[in-house]
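The next block holds one structure in the form of structure tokens; read it before the comments.
Chain naming here is simple, since letters A, B, ... match the order of the sequence lines and numbering starts at 1 in each. Owing to the predicted nature of the structure, the values given are computational and were not obtained by experimental measurement.
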Amino acid sequence: MEFPTRSSPYLPVANDLSRLMRKVMLALVPGALALFWFFGWGIVFNLLIATSTALLAEAAVLRLRGKPVRPALLDGSAALTGLLLGLALPPLAPWWIPVVGVLFAIVIAKQLYGGLGYNPFNPAMIGFVVLIISFPLQMTLWSPPTGIGHEGPGFKDTLQLVFAGRPPEGETLDTITMATPLDESKTQSGLDLTWDEILSDPRFGNYGGYGWEWVNLAFLLGGLWLWKQRAIQWHIPAGMLGGLFVISLMFYFADADGYGSPLFHLFSGATMLGAFFIATDPVSAATTPRGRLYYGAGIGILVYVIRTWGGYPDGIAFGVLLMNMAAPTLDYYTKPRVFGQREEQDD
Amino acid sequence: MQQHMVTLLEKPATFHGGLHLPAEKAQSLTGPLKSAAIPERLYVPLSQNIGEAAEPVVKTGERVLRGQLIARSLGYISAPVHAPTSGVVSDIGDYPVPHPSGLSATCIVIDSDGEDRVADSGLKMENVYLSDPADIRQRVRDAGIVGLGGAGFPTAVKLNPGPDHVVDLLVINGAECEPYISCDEALMCCRPNDIIEGIRIMRHALHAKQVVIGIEDNMPNAIDCLQKELDRLDEKDIRIVPVPTRYPAGGEKQLIYALTGEEVPSQGLPIDIGVVCHNVGTAAAIARAIHHGEPLISRVITVTGAGISEPCNLEVRIGTPIASLVEQCGGYTDEAARLLLGGPMMGFALRTDTIPVIKTSNCILAASSKELPDPPPASPCIRCAQCTDVCPVNLLPQQLYWYAFARDMEKIQDYNLFDCIECGCCAQVCPSHIPLVQYYRFAKTEIWDMEREREKSDLARRRHEARLARLEREKKALEERRARARKSLDKKPKAGDADAKKADIAAALARVKAKKTENADAVPRNTDNLTTEQRAKIDTVEQRRNGKTDGA
Ligand code: SF4
Ligand code: SF4
């Protein structure tokens, strides 16, 4: 009898790229729902536009490069990039904002570097940074976190706004948008108000900003599930949240009036989305266990620095990209000690 | 030589990484250990283990008896081969042997006469525990016993720690960790007396201070049977320690770590920390040889998988063709789609079942395509580091892969390629389905080839330069002689001086050059400072390698 041969190991595969990506997408659901709940239909449009642009762009570039299209689309990585960027964009931004951002992410940041696995920078964050630098105004178009069906713009109004750039009757862009707590805190503390004064505004909710704290909790939930599923490891989120917590605690203790509380920082803006879903993008992150911890901590600290002293309201994107640059070096200096080797041999 | 004591841990330590794999052992552990029928024709390879092949001492047409020496060992790392049954040597020639490439190698073919008449091996020993360890070692060597758990290193060598070492701990490896393989478990359940006897002999030969048997904790029956035997013998100095079931707990270094919390040095041997490790099957083989005078002519083999009608463990004569064993297990089922020798993690796939089993064969796995399917096509590495998390050696498999892929043979060694035990954990969890182990094997082969090439070219270069230097010297000497002759003729001494000086300088240069060539050899290599054991390992891996690349 004749049998086929190949190299070991032979057991059925225990793991799969597209399954991994599907898990990540599933874990995004609670956060996405929370965003939808508080910020309305704009979120849905963003996700739809971003994801379909991502798939189209990926398919087009792969075709141009003469690579097989189907398996690459099926692995889900392009769709995930689109989703992540879509979740980070303001809900009332015009339709071309997600399109431009995703095109940059997929075409430049991912495919020009060689496609999946070869990009040194997080594609979604490259897209985000391009947008926030080029279109700072459009990137502030957040609706108030009032919840759908309340005062915020409804489905039709949002549709008009996003695709035709027309605000609803009797309104202007200014009246229907509202600065995010991070934005606000930045402007306000620029006006020399103390944090207590800033926080007395009901908009700030309990600790992270009304709506935002729930959104962050939802992403945290999804992130923890992802970790439980072993789709991500704990090092990067723990490093990032730990770094952010420690540095904000230090400044908060030194001057509670001048700086936001650790809780504010942990549950505001894109902290949890960043910690569990963006910073954990494996391709552009550090890979050694210790390296991942430092990598996360670096992002956490950079996020704080940018939020507090930088020119942009949130610092996740810049923090992640800066640490992407540091990842190879981190990996090199944090090689684990190989079994049976003495400590001094492992640098 | 200074030596620190290794101590047994109260609770087994956990090594890094590893995997929980399905055991798949129950189907082959069905009944008592049966002896397989002796086939009409046996093919006994001359090379069945690491080290040099044995040399035939019989001729075609000669009658042999069971246990009679048919090929003698050559050198220290080599094992003799004995006739598995009585009959006639019908041929000595190349036949397919267990090898990933379907390679052929010299076998002694024996046509059984069906009588299985036994020869006196002269191995049997009275008063073992009063005798000289050297005498025991010699008999173990003469019995052709090699490590039955893995690569088949000659056991006598591992029973000789040398004058520099004290053996603190003798570890007996019963932690059969690979799925499907159950031959050690069957042996522990059915022949505990042989195992314990063998262990006692080894303990005596090694002057080992402590003895421990490490068994995976999912084999309660095996633990029970051995413990009963220990109780029966009132043997208090041999301990059984159940270790957590996690692949590769049966890896020598992993098991020693689990039991003692100590790491065998990278590129080193257990004896470096005062430990010697033998497999349970090897222990039983020693008892058979020393107490019953039986050389190693049979072993227990698991025949299993959904492709086998009646999976079981069989005691098999070395040289029995796999097809014959499958037949005795009810033949193939319709599902049989893949044939492996060894387990699904570290075994290798066979093209045909005509090849014989050898001393190191532990499992024949005829699997369905559901059990061992073809993997989906590989996609790019996403650097997810899941491979890092499961590597029991704490390597960075994705970096190794990267450098193997880029053929950067310097960097890959910086990342400790040679510590990789090819356990396959990394490839098993890789979401991109990259055949990582295949890359590592490829890289190892490349490096060994390169180093051998370099050795060769170094030698050639040295010869060449030596020749040039000699020619130079001769020329110089000639010139000097001429100069002297001219000087004595000519009254102008100046030119002659200059010539002589030139000659001096040239000679000095030549010397410097020669020095340099010598120094060029000082580059350290992987193949430097290897123990004979490692050297031998390289050779076999090498052999495997040559086959592997062909399959790839
Ligand atoms: S598991 Fe596979 S995909 Fe992940 S880092 Fe390792 S080699 Fe790359
Ligand atoms: S095959 Fe090598 S690199 Fe992969 S897990 Fe095993 S020891 Fe580590």
Side-chain angles (χ1 to χ4, degrees), chain A residues 1-21 23 67-68 71-72 74-75 77 114-120 230-233 235-236 280-289 291-292 327-328 331-332 334-342 345-347, chain B residues 15-16 21 100 179 253 263-266 268 332 336-340 344-353 367 371-377 379-386 388-389 392-396 398-399 415-416 419 424 427-433 435 437-438 441 548 551-552:
Chain A
M1 205 162 157
E2 289 274 312
F3 297 92
T5 59
R6 66 173 173 90
S7 152
S8 66
Y10 301 93
L11 286 180
V13 287
N15 211 341
D16 187 71
L17 202 57
S18 54
R19 204 182 317 157
L20 200 67
M21 299 283 179
K23 272 186 192 164
K67 304 242 164 178
L74 286 181
D75 72 25
S77 63
L116 180 66
Y118 296 96
N119 47 297
R230 293 165 183 269
I232 56 170
Q233 291 114 341
H235 307 76
I236 293 177
T280 49
D281 163 43
V283 178
S284 53
T287 60
T288 66
R292 279 179 274 174
D331 276 349
Y332 186 79
T334 55
K335 281 193 255 171
R337 188 185 64 86
V338 169
F339 184 94
Q341 288 201 344
R342 272 184 300 275
Q345 280 173 303
D346 80 341
D347 59 357
Chain B
F15 56 89
H16 177 263
L21 298 174
K253 293 185 176 186
E263 297 180 6
V264 176
S266 144
Y332 293 111
R338 190 182 286 288
L339 186 65
L340 296 193
M345 297 301 283
M346 293 175 86
F348 55 86
L350 298 173
R351 223 171 297 245
T352 83
D353 56 11
E371 286 175 305
L372 309 182
D374 278 327
S379 37
C381 166
I382 55 162
R383 299 172 23 99
C384 65
Q386 305 212 16
T388 308
D389 293 345
V393 190
N394 222 1
L395 298 170
L396 294 172
Q398 88 276 19
Q399 300 282 20
Y415 281 86
N416 303 296
D419 282 304
Q428 187 60 37
V429 298
C430 175
S432 292
H433 316 306
V437 182
Q438 201 175 315
R441 290 187 180 135
K548 276 278 143 63

Any side-chain heavy atom of [X] within less than 4.5 Å of one from [Y]?
{"X": "A:Thr288", "Y": "B:Gln399", "answer": "no"}
{"X": "A:Arg6", "Y": "B:Pro375", "answer": "yes"}
{"X": "A:Val13", "Y": "B:Pro376", "answer": "yes"}
{"X": "A:Leu11", "Y": "B:Pro179", "answer": "yes"}

Counting only non-hydrogen atoms closer than 4.5 Å, does [X] touch chain B with its backbone (N, CA, C, O), its side chain (CB onward), both, or neither?
{"X": "A:Pro289", "value": "side chain"}
{"X": "A:Arg292", "value": "side chain"}
{"X": "A:Leu20", "value": "side chain"}
{"X": "A:Asn119", "value": "neither"}
{"X": "A:Ala72", "value": "neither"}

Non-hydrogen atoms of [X] and [Y] that approach each other most closely:
{"X": "A:Leu116", "Y": "B:Pro380", "result": "O-CB, 3.3 Å"}
{"X": "B:Asp419", "Y": "A:Gln341", "result": "OD2-NE2, 3.5 Å"}
{"X": "B:Ala385", "Y": "A:Thr287", "result": "CB-O, 3.5 Å"}
{"X": "A:Ser7", "Y": "B:Arg441", "result": "OG-NH1, 3.4 Å"}
{"X": "A:Phe3", "Y": "B:Leu350", "result": "CB-O, 3.4 Å"}
{"X": "B:Glu263", "Y": "A:Val338", "result": "OE1-O, 4.4 Å"}

Structural part of [X] lying under 4.5 Å from a heavy atom of chain A:
{"X": "B:Glu371", "result": "backbone"}
{"X": "B:Ala367", "result": "neither"}
{"X": "B:Phe15", "result": "neither"}
{"X": "B:Pro265", "result": "both"}
{"X": "B:Cys384", "result": "both"}
{"X": "B:Thr388", "result": "side chain"}
{"X": "B:Pro392", "result": "backbone"}

Picking from [options], which has the most non-hydrogen pairs under 4.5 angstrom with chain A?
{"options": "B:Pro431, B:Cys430, B:Ala337, B:Ala349", "answer": "B:Pro431"}
{"options": "B:Val429, B:Leu339, B:Leu395", "answer": "B:Leu339"}
{"options": "B:Gln398, B:Lys253, B:Met345", "answer": "B:Met345"}

Does B:Asp353 offer a backbone N or O that forms a donor-acceptor pair with the side chain of A:Glu2 under 3.5 Å?
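No, because the side chain of A:Glu2 does not come within donor-acceptor range (under 3.5 Å) of the backbone of B:Asp353.
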Hey, is the main chain of A:Lys335 close enough, under 3.5 Å, to the side chain of B:Tyr415 for a donor-acceptor pair?
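No, because the side chain of B:Tyr415 does not come within donor-acceptor range (under 3.5 Å) of the backbone of A:Lys335.
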Which residues pass the ring-ring contact (aromatic ring centres under 6.0 Å, His included) test with A:Phe339, sequence neighbours left out?
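With neighbours one apart ignored, the set is B:Tyr257.
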Rounded to the nearest 0.5 Å, how far does CD1 of B:Ile382 lie from OH of A:Tyr118?
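If we round to the nearest 0.5 Å, A:Tyr118:OH and B:Ile382:CD1 are 12.5 Å apart.
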Does a donor on one side chain and an acceptor on the other come within less than 3.5 Å for A:Asp16 and B:His433?
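Short answer, yes.
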